[in-house]
Visitor: 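Structure below; questions to follow.
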Amino acid sequence: MLTEHTAIFRLRVDDHVMIAHSLAGEFFGPAQNLHGATLAITATFERQGLDEHGVVMDIGVATQLLSEVLEPLRYQNLDEHPDFAEKISTTEVICQHIALQLASALPEGHGLQALEVAAEEHPRARGMVRIELSPA
């Protein structure tokens, strides 16, 4: 017997960004040196139920938002990027930056409850962050 449940839906879109950075401190070993990275970025948008169109959000809008948020980071040395001043640009910090930029760029009335950003450094390692949203 199925009891009443509220479905949580997610939409996931992907992109990638090529950056350079160094990670200061003995903790990071050889990554202290300036190096390049190609990060495969996944953004997941989450809502309770679906909107009036039967979707979490428009896939084209989600894809465009992610691309626009990544654009200022593409081919940049994050050691010199103003958004990362006085920060160590770890994968987790980069994910948080992207998630906050996405949250700020969401259209009014989005109805989302959360978004998650993950960055895959290579097939065996990824970092991610999930942030709760106030539905607009």
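Hydrogens, waters and symmetry mates play no part in the numbers below; they use all other heavy atoms, side chains included. The first residue of the sequence shown is numbered 1, and numbering continues consecutively from there.
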Visitor: Would Leu115 end up clustered with Ile59 when hydrophobic side chains under 4.5 Å apart are linked, directly or stepwise?
Guide: yes
Visitor: Within the structure provided, determine whether Asp15 and Val13 are in side-chain contact (heavy-atom separation under 4.5 Å).
Guide: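 Contact flag for Asp15/Val13 side chains = no.
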Visitor: Does the side chain of Gln96 come under 3.5 Å of the side chain of Glu92 through a donor N or O and an acceptor N or O?
Guide: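 No, no side-chain donor-acceptor contact under 3.5 Å.
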Visitor: Could you measure the distance from the CG atom of Asp58 to the CG atom of Leu11? Nearest 0.5 Å is fine.
Guide: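 So the CG of Asp58 and the CG of Leu11 are separated by 9.0 Å.
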Visitor: Taking Ile88 as the starting point, is it possible to reach Leu34 by hopping between hydrophobic residues whose side chains are less than 4.5 Å apart?
Guide: no
Visitor: Would the distance check show the side chain of Ser104 and the main-chain N or O of Leu100 forming a donor-acceptor pair, the cut-off being under 3.5 Å?
Guide: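 Side chain of Ser104 to backbone of Leu100, a donor-acceptor pair under 3.5 Å: yes, one is there.
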Visitor: Is a donor on one side and an acceptor on the other found under 3.5 Å between the side chain of Arg74 and the backbone of His16?
Guide: yes
Visitor: When you compare the side chain of Leu66 with that of Ile41, does any pair of heavy atoms fall below 4.5 Å?
Guide: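 Side-chain contact under 4.5 Å: yes.
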Visitor: Distance from Gln76 atom CD to Ile19 atom CD1, nearest 0.5 Å?
Guide: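 Answer for the CD-CD1 pair, Gln76 versus Ile19, is 10.5 Å.
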Visitor: Without hydrogens or angle criteria, can the side chains of Asn33 and Ser22 be said to hold a donor-acceptor pair below 3.5 Å?
Guide: no
Visitor: Can you tell me how far apart CE (Met128) and CZ (Arg130) are? Round to the nearest 0.5 Å.
Guide: 12.0 Å
Visitor: Do the side chains of Glu80 and Asn77 get nearer than 4.5 Å, heavy atoms only?
Guide: yes
Visitor: Please answer: with hydrophobic residues joined when any side-chain heavy atoms are less than 4.5 Å apart, are Val61 and Val55 in the same cluster?
Guide: no
Visitor: Can you see which heavy atom on Gly127 is nearest to which on Cys95, and at what distance?
Guide: O-SG, 3.4 Å
Visitor: Using modelled atom types only, decide if a donor and an acceptor are shared between the side chain of Arg124 and the backbone of Glu121 within a distance under 3.5 Å.
Guide: no
Visitor: For the residue pair Phe45 and Ala62, what are the closest heavy atoms and their distance?
Guide: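 Of all heavy-atom pairs spanning Phe45 and Ala62, the closest is CE1-CB, 3.6 Å.
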Visitor: As an exercise, state the distance from CE of Met18 to CG of Leu70, rounded to the nearest 0.5 Å.
Guide: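 Interatomic distance, Met18 CE to Leu70 CG, rounded to 0.5 Å: 13.5 Å.
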Visitor: Do you know the tightest heavy-atom contact between His35 and Ala31?
Guide: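 Answer, listing the atom of His35 first, then Ala31: CE1-O, 3.3 Å.
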Visitor: Atom CD1 of residue position Ile8 - does it have more than 12 heavy atoms of other residues, nucleotides or ligands inside 6.0 Å?
Guide: yes
Visitor: Mind checking the CG-CD spacing from Leu106 to Gln101? Nearest 0.5 Å is all I need.
Guide: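 That separation rounds to 11.5 Å.
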Visitor: State the CD-CZ distance between Glu46 and Arg12, to the nearest 0.5 angstrom.
Guide: 10.0 Å
Visitor: Could you pull out the closest heavy-atom pair between Leu133 and Ala103, with the gap in Å?
Guide: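 Shortest heavy-atom separation between Leu133 and Ala103 comes out as CD2-CB, 3.8 Å.
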Visitor: Answer yes or no: is there a donor N or O on one side and an acceptor on the other, between the side chain of His21 and the main chain of Asp79, under 3.5 Å?
Guide: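 Looks like no, no N/O pair under 3.5 Å.
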Visitor: Report yes if the side chains of Arg47 and Val56 come closer than 4.5 Å at any heavy-atom pair, otherwise no.
Guide: yes
Visitor: If you compare all heavy atoms of Pro107 against all heavy atoms of Leu65, which two are closest, and at what distance to 0.1 Å?
Guide: CD-CD1, 4.3 Å
Visitor: Using a 4.5 Å cut-off on heavy atoms from C-beta on, say whether the side chain of Ile94 contacts that of Thr90.
Guide: no
Visitor: Do you reckon Leu23 sits in the same ILVMFWY cluster as Leu78, going by side-chain contacts under 4.5 Å, direct or chained?
Guide: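 No; Leu78 is not reachable from Leu23 via cluster members.
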Visitor: Using only atom types and a distance under 3.5 Å, with no angle test, would you say the side chain of Gln32 pairs donor to acceptor with the backbone of Gly29?
Guide: yes
Visitor: Can a donor-acceptor pair be found, under 3.5 Å and without considering hydrogens, that links the side chain of His110 to the backbone of Leu112?
Guide: yes
Visitor: Does any part of the side chain of Phe84, heavy atoms only, come nearer than 4.5 Å to the side chain of Leu73, both counted from C-beta?
Guide: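 Yes, at least one pair of side-chain atoms sits under 4.5 Å.
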Visitor: Which word best sums up how the rings of His81 and His97 line up, parallel for under 30°, tilted for 30 to 60°, or perpendicular for over 60°?
Guide: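 Correct class here is perpendicular.
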